[in-house]
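So the structure is just underneath, and the comments pick up after that.
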Amino acid sequence: MESSPFFLTLVHLVLLSSFSSLVVPAKSTTNETDLLALLSFKALISSDPFGILSSWNGSVHHCFWPGIKCSIHHPDRVTAIVLSSSRLSGQITPSLSNLTFLQELSLGDNHFTGIIPEELGQLVRLQSINLSMNSLGGNIPSTLGNCTGLRSIEMKRNNLHGTIPSTLGFCKELNYLLLYSNGLNGNIPPSLGNLTRLLLFRLDVNNLTGSIPASLGQLQVLETICLNDNNLSGEIPRSLYNISSLGIFQLAYNQLSGSLPADIGTSLPNLVGLVIFGNKLGGPIPNSLSNCSQLSSFMVTANQFTGPIPPTIGNLQNLQLFGASANLLEATTPSQWKFMDALSNCTGLQVLDLAHNQLQGFIPNSIGNLSSDLYFFSLGNNPISGSIPSEIGKLVGLTRIQLYNMQLRGTIPQEIGKLWKLEMIDVSNNTISGEIPLTFSNLTKITRLFLQNNKLVGSIPWQLSSIKALESINLSTNRLVGNIPKEIMFSSLSLALDLSNNYLNGSLPLEISKLNNVQKVILSNNKLSGEIPSTIGGCQILQVLYLDRNLFQGSLPPAFASMKALQELNLSHNSFSGQVPQFIDQMELQNLDISFNNFEGELPKGGVFKNITAVDVRGNPNLCGGRPHMHLPGCVTHVQTQKHLRRIIVILCIASAACLNITILFFAIRYCRRPNKNPTSNDNLKFEHKMVSYNDIFKATDGFSSVNLIGKGTFGAVYKATMRYENQQTVAIKVLDLKQHGASKTFFSECEALRNIRHRNLIKVCSSCSSTDHNGNDFKALIFEFMPNGSLEKWLHTRTCTDSPFEALSLIQRMDIAIDVATALIYLHHHGTVPIVHCDLKPSNVLLDEEMVAHVGDFGLAKFLVQEGLMLSQSATSMGIKGTIGYIPPEYGMGGQASIQGDVYSYGILLLEIFTGMSPTDEMFRDGLNLPKLAEMSFPEKIMEIVDRKLMLTDVGEQEVYECLLLVTKCAILCCKESPNERISMENVAKELNSARKKLRA
């Protein structure tokens, strides 16, 4: 059909009109209100590292400025400000209230400080406000209740305090209310029950008190409610159980009481996660839970639930987490153990934790039918008897078994040796007999082996030497015999070796020097004999050594003097002889027991001997002297006069030499204090803060107490210290071990790097110390901001984390950490005064603060890149470059220079480690296979097979998780390209990861 001329003319006019509405004049002739408001916003920005606001000027119309969107119908009126993740610093101007057409204000993930302006309540068209992950303080403005069209309020992870305004109840269009991780207090306003369109409601990690308002039951479309980590009390309102749309129900770590309603399964049919642990809830577990067919997480740990576990729990075929430890649950008859049979229907079960209850009887053989995905199994601290079923060997996915403090008997099943993924086994405090199974040698990933307080017999199998990952072994209080195998002296042992209270004989193996990372060695109450080998001096980190109640003899080896970390030494009830060495009083010992031996001669008076309660010397009749409080007889010496005079002459010679040395030292010090233009001098290492003295550090760490030791590396140790610095009460102090080759160099490198950089995702240095200790030895230390959540290594790998498995990082947290580290590298490479290459990026050098924000630290190997014209030339080649095996880029090993692309490679390895949970040095990587190649082989169809199984424990949909991980894996593969020129830039990495994170929050 032909179009009429009138119709064509009409279409032409419409198109012309539409085009003209898109052409915005260079400068508005009708309204400058919005322009001035934006310039006022820019004026309060103190830092813009990415230069996003650099084009905010009069040369371009403000509607074309980055982060700004304008109305189609009102071309000069601003409708949206979207500047999230821009690393902006400054304050939010009240002038934003003049943007009367504003619908979206998104300033999340920046560094804004100050308060949220009350004037924002004048933006009556506002639909979305996101101020999350800043450092905003003060109250939430009550005026936001005037913005009745608000659909989303996100202010999580700030420093907000005060009460939640009841006026928010006026925002009846609200779909999302996220105020978690702040310092909000007071009661939850009942008026929030008016938000009848609310889908997501999170107020967790605050200081809220009082009871949960019953009015929240009016939120009939609510899908997620999260009130964890508050101080809420009283009973959970019955009305909450009537919200049939509720999928995530989290009220953990409060003081709530009462019981779960019997019909919870019918009233909450869409429940996916019920997380209420850490309260005072009681009563039985309702049978009706079986109707919650989508339930994947049932976590009621640390409550007061009673009665048997209903077998109907087996109807929950999607169940992954079943945590009910620390309750009063019972199982006294075989019929009450049927829940274990029923759980075999839960084919995706990963965690079964029923420890600390009142379960009795035998462990059913049906445990062998549980899910092959089960990785955590605990029945510890229950009065369960019988033997460990051999069927446990079918649970091939297990990484942790906890059957401690029970009444188990019989032998340890050989079948446990089939569980090759095991990282910890604890069957301590039972009556288990027989020998330690040789099949344990197959458990090459075991980090903790706890078999103490049983009735095990036979010798310690030397075959345990194949377990190269062991960090702690406890075989104490058994009936073990024979020698201590030299093969079990693992260099991997970093926590403890406890073989006490057995019948072991023979001597200490010379290979004890291999325990150079262990903190405790306890060999008390055996039949060990011979002398202590001098090789024991290799135990440089050893803090506790108990050799008491054995048959040792001989004198104490001089090698003891090199054990600088030793704090507790018990040698009592042996046959040691000779004098107590004078170097003992130079050690950092806090407790010394040498009682009931054959020591003789004068007792030292310094060090630990000053404290009468810390030393026991009883049962050594030939000891004399010492401090008066020891009540030992005086030392009588019969010396000929000539010999006495000779001694006086020797003393005078020594004194003269000492005086001469002091004089030389005095002039040397004066010379060293003269001005020095050497760039590595301390003058150039001074920070803007006052330097700290050795005495300050000694007091702040309680004399470098092991209690305060939080980490140890190649070049020194890190201590937690109580020291007021700016607004901080606690700091971390890195003490350099100057005996290590290169330690001083790392100190200067780290000082030089840290004094020139400031960034939210880099560790903040507070001060430094370059002095001498109490013995006149050189002493160097750096004082850093304290990171209460430790290193990323602790959170990624079980072997370094003793926390509950429920503390695993969520997918969102891992994304945030990955983006934080990427942002830090972008700053180091492109936004500092001189580009810096970190050269040692790995999980142990990524530290997490109280809000789980990542900070990159340890710049001891950092390299500076000096800009010359348009080219970057390295200030140092890679000769001598050190890093960590598994993270070092391949070109460094072939003589390549330190480069930005080298850091990109290390970041790619780190990124894969964050999301797979695999270390690049895992034993599976051999014969040419490495972590990047595994990722390439799995991309894209099989990436879900290599990701950390804990990432499946998320409330995000499977498709969103897959799409997110697809982008993450692609980024990591591009980072790890063999050729540096083919690697992706960190700017593009950050862009891709932000896109991936948005898929989880869409």
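Keep in mind that what you see is a predicted model, and the values were worked out from it rather than measured.
- The environment of OH in Y962 is crowded: more than 12 heavy-atom neighbours from other residues, nucleotides or ligands sit within 6.0 Å.
- Between R814 and D948 there is a salt bridge, with a side-chain nitrogen of the basic residue lying less than 4.0 Å from a carboxylate oxygen of the acidic one.
- In terms of the side-chain contact (heavy atoms from CB on, under 4.5 Å) criterion, residue partners of S366 (sequence neighbours excluded) are, by chain and number, M340, D341, P364, N369.
- At a cut-off of 3.5 Å, with distance as the only test, no side-chain donor of Q317 or N345 sits close to an acceptor on the other residue.
- Defined by atom type and a distance below 3.5 Å, a donor-acceptor pair is present between the side-chain atoms of N453 and T477.
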Exercise for the section: Given side-chain hydrogen bond (donor to acceptor under 3.5 Å, both in side chains), test S385 with Q407 step by step and report yes or no. Expected result: CA-CA 5 Å; S385 55; Q407 299 172 14; 5.1 Å; no
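- Side-chain N/O atoms of Q320 and S296 include no donor and acceptor closer than 3.5 Å.
- Here E423 does not pair with R448 in a salt bridge; the nearest charged N to carboxylate O distance is not below 4.0 Å.
- For the atom pair CG of L912 and CD1 of I973, the computed distance is 7.5 Å after rounding to the nearest 0.5 Å.
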Tabulate below the donor-acceptor pairs under 3.5 Å that side-chain atoms of residues 505-524 make, not counting sequence neighbours, or state none.
unit_1: N517; atom_1: ND2; unit_2: S491; atom_2: O; d: 2.9
unit_1: Q519; atom_1: NE2; unit_2: S494; atom_2: O; d: 3.3
unit_1: S524; atom_1: OG; unit_2: D548; atom_2: OD1; d: 2.6

- Message: Is there a ring pair (Phe, Tyr, Trp, His ring centres under 6.0 Å) between Y253 and F277? Walk through the geometry before answering.
- Response: CA-CA 6 Å; Y253 293 127; F277 53 81; 5.0 Å; yes
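- Using a 4.5 Å heavy-atom cutoff, the side chains of L321 and M299 are in contact.
- Remark: the K468 side chain and the S492 side chain contain no N/O donor-acceptor pair separated by less than 3.5 Å.
- F249 pairs by the ring-ring contact (aromatic ring centres under 6.0 Å, His included) definition with Y241, not counting sequence neighbours.
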